[in-house]
There are 2 protein chains.
Amino acid sequence: MSKCEQCIVRQFNSLKTLTKEELVRVSACKTSSVIKKGDIIFREGESLNGIYCVREGVCKLTKLSDNGKEQVVKLAIKGGMMGQRSLVSGEISNLTAVAINDMQICFIPRQEIVRDLQKNVNFSMDILKRMAQDLKTSEDSLVNMAQKTVKQRLAQTLIYVQTTFDIDQDGYLALNLSRDDYASIVGTATESAIRILSQFKKEGLISTKGKQIKIENLQDLSRVE
Amino acid sequence: MSKCEQCIVRQFNSLKTLTKEELVRVSACKTSSVIKKGDIIFREGESLNGIYCVREGVCKLTKLSDNGKEQVVKLAIKGGMMGQRSLVSGEISNLTAVAINDMQICFIPRQEIVRDLQKNVNFSMDILKRMAQDLKTSEDSLVNMAQKTVKQRLAQTLIYVQTTFDIDQDGYLALNLSRDDYASIVGTATESAIRILSQFKKEGLISTKGKQIKIENLQDLSRVE
DNA sequence: TATATTTTATGATATTTGTCATGTTACATA
DNA sequence: TATGTAACATGACAAATATCATAAAATATA
């Protein structure tokens, strides 16, 4: 099992503010695991008892609506952490985490990391800043959900995926999401998502090969009405 | 000008974790002000340079969507604080604050309170916990926006207003929001909000007197489909 | 009090989105 | 390779919601 001290991924999250000693301790008690695409890491309503650090792969954080449909609240990517909110509040998880592709994750038990939260101001400040960032992102999404059309939200999501995960050598989005995933990200029916993608295709905004998607005209896509 | 040490309102927010000394210092540098209904306290995009504490009255925190419509992201009530996110992140405000009724607020300059954030673990932990709570609330709203109908969201909002602000002696909601406010809370057109309220009235779920609203059947209102 | 202005209300209609049905394609696996 | 299954696609229709128009009621202001 590799050590946190040598893990590049921690540079992307709050763990980078830990001292050498703290990191050694954290490393000693962490557990790593390999997660297969589709696997559930934790469920809404579960108590987490620690935080997860994403070493590889992508994961969707979803919440079940009262009507039984799942809504993607955000994506956790390489370097991201999951469960900070529960760590801080001591509450059960508000979200379910499902692997979108194969992943490697590490788990740090609550009691180990809570100690650092109390003792290391740099660490708690960094957690606080990231929470503030998450809050802003969530509020922005809220406004988009409330005020934008499904078409606009889908266009925006495609651009987000390209910006965040880049494209492969053929120009297709490097992250492959199912139509169903797109639908639960923008908050619509799967058929509607598919229909709008077809429309984008007809209008030359995107092209597809199987389930892969390539953005052909980012300018116009960002201006969809 | 009254002193923070004697202000009951601080018991409801993070300021209660400050020590006597810290509180005296904060009290000495704070400024109080009276805000009239409709007044703007700060605008999206402005840098805040401090935090606000709501002593009296209610305030809506809104964000302008790209299509030019305002969306209410949350309400700040007595005891609430505004601007913590900007305080923590150092960024400009993400939201606009508009008084819904006459208010009294206090402003604490950034440099004074940032010091406590660094020095007082109880304070920073409390801020962190509240930010975590805000994040959960925001994520929940996001899911509601994405997955529930306008009718469900409006019913939910009416219940929220009654639960949070109580009713007056005649049973009407103690907080009077305009139909326009309701529309920007649930994220719909004003006409749609009005229409649905009329429908609720016909169904006996609510009754109205002028702009005042009384919930007549909370059970059924919470089960609207 | 009279008048202007804003807020609330409702009809008519267009647009958006969801739902159900059905077919097609891609992909996994025996 | 054959075959089953899941993902993708599209038509037809229903429901939800937005938009525009207009009027009534409430409220502010002269």
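Chain letters run A, B, ... following the sequence lines, proteins first, then strands; residues in each count from 1.
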Dot-bracket for DNA chain C: what is it, with Watson-Crick or G-U pairs under 3.5 Å, [ ] where a pair crosses earlier ones, and | for a pair to another strand?
-> ||||||||||||||||||||||||||||||
Tell me what K209(B) touches on the nucleic acid: a base, only sugar-phosphate, or nothing, going by heavy atoms under 4.0 Å.
-> nothing
Name the residue closer to the 5' end of DNA chain C, choosing between K69(A) and T208(B) according to the nucleotide with the nearest heavy atom.
-> T208(B)
Within the structure shown, what part of the strands sits under 4.0 Å from K148(B) by heavy-atom distance: base, sugar-phosphate, or nothing?
-> nothing
Give a yes/no on whether any side-chain N or O of K37(A) is located under 4.0 angstrom from OP1 or OP2 of dA28(C).
-> no
What orientation do F107(A) and Y52(A) show, parallel under 30°, tilted 30 to 60°, or perpendicular over 60°?
-> tilted
Rounded to whole Å, the CZ-P distance (R153(B) to dT17(D)) equals 7 Å
Should the pair D134(B)-K74(B) be classified as a salt bridge under the 4.0 Å nitrogen-to-oxygen rule?
-> yes
Look at the side-chain N and O atoms of S198(A) and state whether any lies under 4.0 Å from the OP1 or OP2 oxygen of dT10(D).
-> yes
Is there a donor on the side chain of R195(A) or the base of dG18(C) sitting less than 3.5 Å from an acceptor on the other?
-> no
Nearest-angstrom distance from the residue atom CD of Q147(A) to C1' of dT17(C) = 17 Å
Start at the 5' end of DNA chain C and walk down; is the nucleotide closest to K211(A) or to I196(A) reached first?
-> I196(A)
Are any side-chain N or O atoms of S47(B) and backbone N or O atoms of N49(B), one a donor and one an acceptor, separated by less than 3.5 Å?
-> no
Flag, side chain of T164(A) to backbone of V161(A), donor-acceptor distance under 3.5 Å = no
Do other residues, nucleotides or ligands put more than 12 heavy atoms under 6.0 Å from the NZ atom of K211(B)?
-> yes
Given atom NZ of K202(B) and atom C1' of dG11(C), what is their separation to the nearest angstrom?
-> 11 Å
Using a distance-only test with no angle check, is there a side-chain donor-acceptor pair under 3.5 angstrom linking S2(A) and R55(A)?
-> yes
Roughly how many Å is it from CD1 in I194(B) to P in dA21(D), rounded to a whole number?
-> 17 Å
If you draw a 6.0 Å radius around CZ in R43(A), do more than 12 non-hydrogen atoms from other residues or ligands fall strictly inside?
-> no
In whole angstrom, what separates I206(B)'s CD1 from dT8(C)'s P?
-> 12 Å
Side-chain heavy-atom pair E216(A), K214(A) within 4.5 angstrom cut-off = yes
DNA chain D contacts made by residues 168-193 of chain B, counting heavy atoms under 4.0 Å | T188(B), A189(B), E191(B), S192(B)
Toward the 5' end of DNA chain D, by each residue's nearest nucleotide, K201(A) or A146(A) | K201(A)
Indicate yes or no: does K60(A) engage E70(A) in a salt bridge with an N to O separation below 4.0 Å.
-> yes
Integer-rounded Å distance: dT7(C) P and I100(B) CD1 = 14 Å
Basic-acidic side-chain contact under 4.0 Å: D66(A), K148(B) | yes
Length of the line joining Q212(A):CD and dA26(C):C1', which is rounded to integer Å | 12 Å
Just how far, in rounded Å, is P of dT16(C) from CD of E225(A)?
-> 10 Å
